[in-house]
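Report on one structure; see the data block that follows.
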Amino acid sequence: MEEAVTKPTKKGGGRLCCICNQRRAALKRPKTLEQICRECFYEVFEEEIHQVIVDNQLFKPGERIAIGASGGKDSTVLACVLAELNRRHNYGLDLFLLSVDEGITGYRDDSLETVKRNEVQYGLPLKIVSYKDLYGWTMDEIVKMIGLKNNCTFCGVFRRQALDRGASLLKVDKVATGHNADDIAETVLLNILRGDIARLSRCTSIVTGEDGPIPRCKPFKYTYEKEIMFTYAYFKRLDYFSTECIYSPNAYRGFAREFIKDLERIRPRAILDIIKSGEDFRISTSTKMPEQGTCERCGYISSQKWCKACVLLEGLNRGLPKMGIGRSSRGLNNDPKKDKDIKQSNGTKSIENKQCGSLDF
Ligand code: SF4
């Protein structure tokens, strides 16, 4: 935590804030390395996010917006900042907190207690949707059946849909998620490493899912994790939950995360540069992209006959959990031509979801 905070020098000494030139600097901004005071940091941090919202027209007056809330640092800061900007700049938004309860004892039950406190602290109505209600299974039950391999595939696929289902119950126009610049840079890197062209083309978009039931937006697209956690949340003493999921494998993404942190240490702009590289990739027009349709079973968007959640669920219910994993998932969606043409179409190993040491959807 000390990394971002300027150590006091002599009594009464220390540098002046390079913005106001009046107060003592309290921290070095991770993003720009400027020495600034707390008050100026709050101001620039919040106004940069406001500028991102305005420049990208993320919201329209009168819209209902659900904030994907896990109780983690990113979504807690997002709730705090959006509630503040909505008041300060008269966005005219109806804000809600939307949480997904995966049914993970000792993790999600505790983090949901944090979200319930956030509901009171920020005066935002909270809706919780659970895997048990939606799918008839908790993650605890799924892990009992399948073990700790592929558990995040089930969880990620179910969460994506659960969030959409919760959003439609709330009748919101959009879901705002707490994905930050570090998450997006990691995802760019992981998609390159996996050669996942379909995801690479959309992972840097600040708004996604416009062709789906409810679009999602990322107001923290350019916000550094260090500024969210070590500075804003820390100085403001926000109430957030920081324990990792007990089922987190944290392997592949963890290495990418460490690599990016190393780059950031040498060159703070590296995170923004990777996002820029991701944005500048052009997908060749000859690359076959998945065609969106709807799941024959549940009506959710899908590029296959059955959506991934239905395939996984069918496997669980039949006692054949591997049915939806990798190549074995083809049985229910059998279309060899499509399989050949579109290798990544149905998201067996989605990496859009943060693997959830700090899960914020
Ligand atoms: Fe689900 Fe995340 Fe836990 Fe994996 S790490 S089981 S995706 S909450």
Side-chain angles (χ1 to χ4, degrees), residues 67-76 78 97-116 118 128-166 175 177-180 182-184 186-187 190-191 194 196 199 203 216 218 225 229 240-258 307-309 311-313 315-316 321-322 324-326 329 346-361:
I67 299 165
S70 65
K73 58 170 181 9
D74 298 304
S75 62
T76 303
L78 184 62
L97 298 174
L98 173 57
S99 294
V100 176
D101 180 1
E102 299 94 343
I104 302 176
T105 312
Y107 168 62
R108 188 56 81 213
D109 44 358
D110 291 341
S111 69
L112 285 175
E113 290 307 311
T114 311
V115 185
K116 287 175 193 165
N118 293 160
I128 302 175
V129 287
S130 74
Y131 285 6
K132 187 69 180 174
D133 290 345
L134 293 174
Y135 311 113
W137 291 79
T138 63
M139 273 312 292
D140 287 338
E141 291 164 344
I142 293 173
V143 168
K144 215 177 258 173
M145 177 183 263
I146 67 166
L148 284 174
K149 206 170 168 222
N150 297 318
N151 56 302
C152 292
T153 301
F154 283 83
C155 194
V157 169
F158 287 167
R159 182 183 308 106
R160 166 157 280 277
Q161 229 185 72
L163 204 58
D164 279 338
R165 298 210 187 277
V175 175
T177 61
H179 291 94
N180 59 46
D182 302 50
D183 299 325
I184 297 168
E186 276 166 35
T187 307
L190 288 167
N191 283 327
R194 287 187 56 206
D196 191 336
R199 288 204 173 86
C203 73
R216 296 179 187 208
K218 305 177 190 110
E225 183 179 54
M229 181 160 68
Y240 66 88
F241 183 82
S242 54
T243 304
E244 277 199 15
C245 172
I246 54 171
Y247 303 139
S248 171
N250 237 344
Y252 203 48
R253 184 177 273 272
F255 285 121
R257 175 156 290 234
E258 277 313 305
C307 71
K308 191 71 186 169
V311 174
L312 292 173
L313 208 49
L316 285 174
K322 286 195 179 153
I325 305 294
S329 67
N346 211 4
T348 304
K349 288 185 181 167
S350 171
I351 48 175
E352 285 177 338
N353 287 296
K354 294 165 72 167
Q355 301 287 291
C356 318
S358 48
L359 168 74
D360 272 0
F361 303 102

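The figures that follow rest on heavy atoms only: side chains count, while hydrogens, waters and symmetry mates do not. Numbering of ligands and ligand atoms starts at 1, following listing order. Keep in mind it's a predicted model, so treat the numbers as computed, not measured.
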Any idea how Phe158 and Tyr131 line up, ring-wise: parallel (<30°), tilted (30 to 60°), or perpendicular (>60°)?
perpendicular
Enumerated ligand 1 atoms positioned under 4.0 Å from heavy atoms of [X]:
X      : result
Cys245 : 3 (Fe), 5 (S), 6 (S), 8 (S)
Cys155 : 1 (Fe), 6 (S), 7 (S), 8 (S)
Asn151 : 6 (S)

Write out all pairs satisfying salt bridge (charged side-chain N to carboxylate O under 4.0 Å, His left out) with one or both partners inside residues 131-144, taking only residues at least two apart or from two chains.
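Qualifying pairs, neighbours excluded: Lys132-Glu141.
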Going by heavy atoms in the side chains, are Thr177 and Leu78 under 4.5 Å from each other?
no
Is Arg159 in contact with ligand 1, taking contact as a heavy-atom separation below 4.0 Å?
yes
Heavy atoms of Ser99 and Leu112 approach each other most closely as CB-CD2, 3.6 Å
Would you name the heavy atoms of Trp137 and Met145 that are closest together and state the gap between them?
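For Trp137 versus Met145, the nearest heavy atoms are CH2-CE, 3.8 Å.
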Counting heavy atoms only, which part of Glu244 comes closer than 4.0 Å to ligand 1: side chain, backbone, both or neither?
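Glu244 to ligand 1: no contact under 4.0 Å from either part.
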Please state whether the separation between atom 3 (Fe) of ligand 1 and some N/O/S atom of Cys152 is under 2.8 Å?
no
